[in-house]
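Every chain is numbered from 1, with letters handed out A, B, ... down the list of sequences.
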Protein chains: 2
Amino acid sequence: MPRTKPLRKDAQRNRDLLIKAARELYAARGLDVSLDEIARTAGVSSGTLYNHFPDRTDLIDAVFADRAATVVRIAENALAMEPWEGLVHFLERVCEQQAADRGYNDLVSRRVPQAPPTDEHLRGYELMQQIVKRARESGTLRDDVTLEDLAFVTWGTARTVEATAGIRPQAWRRHLALMLDGFRTPAPHPLPEPPLRPEELVNAMRECS
Amino acid sequence: MPRTKPLRKDAQRNRDLLIKAARELYAARGLDVSLDEIARTAGVSSGTLYNHFPDRTDLIDAVFADRAATVVRIAENALAMEPWEGLVHFLERVCEQQAADRGYNDLVSRRVPQAPPTDEHLRGYELMQQIVKRARESGTLRDDVTLEDLAFVTWGTARTVEATAGIRPQAWRRHLALMLDGFRTPAPHPLPEPPLRPEELVNAMRECS
DNA sequence: GAATAAGTTGACTGTGGTCTCAACTTGTTC
DNA sequence: GAACAAGTTGAGACCACAGTCAACTTATTC
């Protein structure tokens, strides 16, 4: 834990304004908003933005810092439910987050050099493992599906949300439902390719465009 | 049909060089390659590029002009097969095209202001309708799935290909297989959202980021 | 209420992209 | 092979963005 001395009052205020502006612009238009525009929207100069967030990713990290905790909370709720309902609940809630925030949608599916995973991330990872394991052992989730396969849901939802956000904001629910029926089919056909290994998934998530 | 007078010999050669360079760069790096770089790769000046292709989309249209015919050919082959096998064949071949060419992957899934549909496009559309109808009537494809739902496959594959191209180039096949099992499950669950209407899909395909 | 550290500013540099155009070169025509 | 049309060239205008910094302003400390 880097012990940082408290910010000066005006500095803290500007920092908050920047995060607020970034959060709103990211949500509306995705992560490609220019840093100058964020500064302008926040009502501070671009120098101040760079002073607080030297790197583009520092700002993104700050804006989405709480999201890992949200995922953990969703996962905990899911684990309090029946195995299959829990999995569905988890995926629906996470996809809702994607659908509600274009920046988050970019973050979970696209490049964006990530900060190193926090304890919260690791905890989320463990809970997700449990969600998948439970669903599989309950006999509902087909047993050749792994945690890594959930990335297909994230990626698929990401693109569907992008394409349909302005036209049929709920279209992703249909996409998700179709995928879920693939996950729990009573008549699974052999999958043509082994699942991604955990480190492959990490790399895929980091991968740049 | 706009009757255009034939190009001068050197002009035709430069045009071909430009299309060739664009095709290669697009395939390798997607549609965001800069026009100057394409001109440089082709060995002509940027002025010449703009002379031949005033608009960015003119070049994209020229590069991918033959793809609609390819889709028609794939669809025709698919219709010569058993209904379900035909559908699978069609989707696999189209996704292979996406996986093999980042530019095409961008084209089918992302924005990119499109040229008005050609006769070839309309024919492809009709054949796809038949493929879906046959598969549904054969009892294999669940009967609440429409042609428009195939867009979920395109979109999902697009993102999965982007994310995994450098890591596990065949990962999309697993994603596709899972979706296909959702399409033919013997135990379909009601879908939470009506299918996209044809004009909604057109708009979604046109939609910009 | 000085003195000082902390923070802000905005003009500026640099980069990389789109697109234009006047001067030039080349192919074609007769 | 002249003359004209067709096509090419590349420097440069223009823009949007990232990122820097010396001069300035403000909060805090004693």
Residue whose closest nucleotide on DNA chain C lies nearer the 5' end, B:Gly47 versus B:Lys9
B:Gly47

Distance check needed: C:dA11 P versus A:Asp36 CG, whole Å only.
12 Å

Phosphate OP1/OP2 of C:dG7: any A:Asn51 side-chain N/O under 4.0 Å:
no

At under 4.0 Å between heavy atoms, what does B:Ser34 touch on the DNA or RNA strands: base, sugar-phosphate, or nothing?
sugar-phosphate

Counting side-chain heavy atoms from C-beta on, which of C:dT28, D:dA11, D:dT28 comes nearest to B:Ser46?
D:dA11

With salt bridge (charged side-chain N to carboxylate O under 4.0 Å, His left out) as the criterion, how do B:Arg93 and B:Glu96 come out once you've worked through the C-alpha distance, each side chain's angles and the decisive distance to 0.1 Å?
CA-CA 5 Å; B:Arg93 291 292 93 65; B:Glu96 276 169 8; 2.9 Å; yes

Does NZ or CZ of A:Arg67 lie under 6.0 Å from the centre of the six-membered ring of A:Tyr104, at an angle within 45° of the ring axis?
yes

Which one, D:dA18, C:dT9, D:dT28, comes nearest to the side chain of A:Tyr50?
D:dA18

side-chain hydrogen bond (donor to acceptor under 3.5 Å, both in side chains) for B:Glu120 and B:Thr118? Distances and angles first, verdict last.
CA-CA 5 Å; B:Glu120 207 76 29; B:Thr118 63; 5.7 Å; no

Looking only at side-chain atoms of B:His52, point me to the closest of C:dC19, D:dT8, C:dG27.
D:dT8

From the options C:dC19, C:dT18, C:dT9, select the nucleotide whose nearest atom is closest to the side chain of A:Thr48.
C:dT9

Using the side-chain heavy atoms of B:Arg8, tell me which of these nucleotides is nearest: C:dT28, C:dT18, C:dT8.
C:dT28

From CZ of A:Arg56 over to P of D:dA18, roughly how many Å is that when rounded to an integer?
5 Å

Give the C-alpha distance, both sets of side-chain angles, the deciding distance and a yes or no for salt bridge (charged side-chain N to carboxylate O under 4.0 Å, His left out) between B:Arg29 and B:Asp32.
CA-CA 7 Å; B:Arg29 311 225 308 268; B:Asp32 289 334; over 6 Å; no

Could you state the atom-to-atom distance from CG of B:Leu35 to P of C:dT20 in whole Å?
12 Å

Rounded to whole Å, how long is the line connecting atom CG of A:Leu17 with atom C1' of C:dG7?
14 Å

C:dT8 P sits how many Å from A:Asp16 CG, rounded?
11 Å

Please give, in whole Å, the distance from D:dT25 P to A:Asn14 CG?
16 Å

Distance check needed: D:dA16 C1' versus A:Arg40 CZ, whole Å only.
10 Å

Sugar-phosphate only, base, or nothing, as touched by B:Asp10 at under 4.0 Å among non-hydrogen atoms:
sugar-phosphate

Run the salt bridge (charged side-chain N to carboxylate O under 4.0 Å, His left out) check on A:Glu162 and B:Arg159 step by step: do they pass?
CA-CA 11 Å; A:Glu162 270 180 17; B:Arg159 188 67 106 200; 2.8 Å; yes

Given atom CG of A:Asp55 and atom C1' of D:dC17, what is their separation to the nearest angstrom?
15 Å

